[in-house]
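Below: the structure, in structure tokens.
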Amino acid sequence: MRYPEVHSLEESLAILDKYKDDLNKEQYEAIRSTICGHAIENMFANERDIINMIKIAKNEKTADEIIAEYKKEWGVSV
């Protein structure tokens, strides 16, 4: 599934807010901090990025598993 590009911190935070009820306060604040930190460098999290951060925060997937999925999708040898 393709997710639209995001062009501002506000857009990224609006996406995160859609999932707020699925997270505890600590998880929400950690993800929000990550999103804000990347936005300083003009790197804005889209919905797929945020879903992946939520999966990591909830221990549903590891960062290595997500990276492997991206590599497979892009045709990069794992």
Side-chain angles (χ1 to χ4, degrees):
M1 179 175 187
R2 289 257 184 224
Y3 293 97
E5 288 300 313
V6 174
H7 303 287
S8 71
L9 174 60
E10 292 77 17
E11 286 180 79
S12 294
L13 294 177
I15 295 167
L16 177 60
D17 281 343
K18 289 184 357 182
Y19 297 96
K20 188 174 188 172
D21 293 339
D22 297 333
L23 300 164
N24 65 37
K25 184 177 180 177
E26 185 177 283
Q27 292 167 328
Y28 176 85
E29 291 299 327
I31 294 170
R32 188 178 193 286
S33 176
T34 299
I35 291 169
C36 290
H38 282 88
I40 292 169
E41 299 295 327
N42 290 319
M43 297 179 350
F44 305 109
N46 68 12
E47 191 157 6
R48 181 180 186 186
D49 299 326
I50 292 168
I51 290 169
N52 284 331
M53 285 187 258
I54 291 169
K55 288 178 181 177
I56 292 169
K58 296 175 101 179
N59 294 315
E60 294 173 0
K61 286 197 174 185
T62 65
D64 287 340
E65 290 171 326
I66 291 169
I67 291 167
E69 288 173 7
Y70 277 110
K71 285 182 175 181
K72 184 178 178 184
E73 183 180 317
W74 295 332
V76 176
S77 64
V78 180

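Note: hydrogens, waters and symmetry copies are ignored here, and every other heavy atom, side chains too, is used. Source: prediction; values computed, not measured.
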Measure the spacing between [atom1] of [X] and [atom2] of [Y] and express it to the nearest 0.5 Å.
X: N52; Y: I66; atom1: CG; atom2: CD1; answer: 4.0 Å
X: D22; Y: Q27; atom1: CG; atom2: CD; answer: 9.5 Å
X: I15; Y: Y3; atom1: CD1; atom2: OH; answer: 10.0 Å
X: K20; Y: L13; atom1: NZ; atom2: CG; answer: 10.5 Å

Self-check item: Same cluster (ILVMFWY, side-chain, under 4.5 Å), V76 and Y70
Solution: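 Yes, same cluster.
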Practice problem: For the pair S12 (side chain) and A45 (backbone), establish whether a donor and an acceptor sit closer than 3.5 Å, ignoring hydrogens and angles. | Solution: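 Side chain of S12 to backbone of A45, a donor-acceptor pair under 3.5 Å: yes, one is there.
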Quiz item: Backbone N or O of V6 within a donor-acceptor pair of the E11 side chain at under 3.5 Å?
Solution: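 No, E11 side chain to V6 backbone: no donor-acceptor pair under 3.5 Å.
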Practice problem: Taking the side chain as every heavy atom from C-beta outward, state whether Y28 and I54 have any pair of such atoms under 4.5 Å apart. | Solution: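 Side chain of Y28 against side chain of I54, heavy atoms only: no contact under 4.5 Å found.
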Self-check item: All pairs passing salt bridge (Lys or Arg N to Asp or Glu O under 4.0 Å) where residues 37-66 contributes a residue, at least two apart
Solution: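 Matches after skipping sequence neighbours: K18-E47, R48-E73, K61-E69.
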Quiz item: Looking only at heavy atoms, which two atoms of A63 and I56 are closest? And how far apart?
Solution: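 So the minimum-distance heavy-atom pair works out to CA-CD1, 3.9 Å.
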Let me have the donor-acceptor pairs involving side chains of residues 29-39, under 3.5 Å, with sequence neighbours excluded, atom names and distances please.
from: T34; atom 1: OG1; to: A30; atom 2: O; distance (Å): 3.1
from: H38; atom 1: ND1; to: T34; atom 2: O; distance (Å): 2.9

